[in-house]
Trainee: 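Structure incoming, see below.
Not measured: the values here are computed from a predicted model.
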Amino acid sequence: MAMVENNVGVEGASYGNRTPDLSRAEKNGGYDGDMRELVDLLSKLNPLAEEFIPQPNRSPSFIFNGNGSFANNNRRKKNNFNQGKRRLNGRNIRAQQEDSVRRTVYVSDIDQQVTEEQLAALFINCGQVIDCRICGDPNSVLRFAFIEFADEQGARAALSLAGTMLGYYPVRVLPSKTAILPVNPTFLPRSEDEREMCARTIYCTNIDKKVSQVEVRMFFESLCGEVSRLRLLGDHVHSTRIAFVEFVMAESAILALNCSGAIVGSLPIRVSPSKTPVRPRIPHPTMH
């Protein structure tokens, strides 16, 4: 009984400050009397009272779902806004990737001795080259590359260089179907010493998760030369791992490019020149 009084009292205070008189319901005693009093109270509320008129450009904080429950309307609107924002961001990313693809060419049949600097120099007269990636081809002793220009005109001009001799082979140049994945600028070389380190470093992908860091080191040292530093990386999301392998000699890194396609563990690895040096790990300060 006290609960009915409290609930109805709150409602009465909210709608026109009408505090119900429950004396009759108490005299009648019983549930039916209470309900009749409550129905009588609600029937006297004015639907046009100020409390019932939604404020301009506002909607109720909670809406009735029709299944006996209420939903937070503000939360739904916020989620819709976030979803719309994600869709907009997704469209922007796709548009940027499509623009990058149009500014990129695919170059194949590249001599093993050709460096990224030499390859980029071949296309320098077509337009500004903003990125160049040479990759190993597991099905060929030759390699392929992606070259991204600052604009589409540069990429179109680059197509005319198909058949140009570079090293001992004529290169093939086609429009690219993929964009170059950008490198985090914080990982790029910051000094001449780090650029020299990059010349001695290779980037290896598609490494079997069962292969240990010691086994990766032994593989490259047995075929290419002494390894000075190796960083093997992986996570629980991807089914394979990657590695950055720094050699003592730059010639060893060039030899390692020929290992692309070799089976390590149970998978063929992919090897390409590294854009980033393998920096020594900074030890975390110990807490006292």
Trainee: Stepwise, does the side-chain contact (heavy atoms from CB on, under 4.5 Å) test hold for Leu223 with Cys259?
Mentor: CA-CA 8 Å; Leu223 297 175; Cys259 296; 4.1 Å; yes
Trainee: State, yes or no, whether a side-chain contact exists between Thr240 and Thr205 at a heavy-atom distance under 4.5 Å.
Mentor: no
Trainee: Provide the closest heavy-atom pair for Val227 versus Arg217 in the form atom of the first, atom of the second, distance.
Mentor: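 Residues Val227 and Arg217, closest heavy atoms: O-NH1, 3.0 Å.
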Trainee: Could I get the full list of side chain to side chain donor-acceptor pair (under 3.5 Å) partners for Gln128, not counting sequence neighbours?
Mentor: none
Trainee: May I ask you to check whether over 12 heavy atoms, not counting those of Lys210, lie within 6.0 Å of atom NZ?
Mentor: no
Trainee: What's the spacing between Ser252 OG and Arg200 CZ if we round to 0.5 Å?
Mentor: 10.0 Å
Trainee: Report the relative orientation of the aromatic rings in Phe244 and Tyr203; use parallel for angles under 30°, tilted for 30 to 60°, perpendicular for over 60°.
Mentor: tilted
Trainee: Identify the two heavy atoms, one from Leu230 and one from Val245, that lie closest to each other, and give their separation to 0.1 Å.
Mentor: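 So the minimum-distance heavy-atom pair works out to CD1-CG2, 3.9 Å.
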Trainee: With Glu192, which residues qualify under salt bridge (charged side-chain N to carboxylate O under 4.0 Å, His left out), at least two apart?
Mentor: Arg195
Trainee: Give me the ring orientation class for Phe220 and Phe247: parallel if the planes are under 30° apart, tilted from 30 to 60°, perpendicular past 60°.
Mentor: perpendicular
Trainee: Over all heavy atoms of both residues, which pair between Asp111 and Leu166 is shortest? Give the atoms and the distance, please.
Mentor: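 The answer is CB-O, 3.8 Å.
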Trainee: Show the nearest heavy-atom pair for residues Val171 and Ile110, with the distance to one decimal.
Mentor: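 Shortest heavy-atom contact: CG1-CG1, 4.5 Å.
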Trainee: Kindly compute the distance separating CZ (Phe146) from NZ (Lys177), expressed to the nearest 0.5 Å.
Mentor: 11.0 Å
Trainee: If you take all heavy atoms of Asp109 and Arg172, which pair is closest and at what distance?
Mentor: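 Taking Asp109 first and Arg172 second, the nearest heavy atoms are OD2-CD, 3.2 Å.
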Trainee: Please list all pairs passing the side-chain hydrogen bond (donor to acceptor under 3.5 Å, both in side chains) test where one or both residues lie in residues 149-159, with sequence neighbours left out.
Mentor: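 Counting only pairs at least two positions apart or across chains, the side-chain hydrogen bond (donor to acceptor under 3.5 Å, both in side chains) contacts touching residues 149-159 are Arg102-Glu152.
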Trainee: Nearest 0.5 Å, what's the CE-CD distance between Met218 and Gln213?
Mentor: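 If I round to the nearest 0.5 Å, the distance is 13.5 Å.
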Trainee: Considering all heavy atoms of both residues, which atom of Asp208 and which atom of Leu267 are nearest to each other, and what is their separation?
Mentor: CA-CD1, 3.8 Å
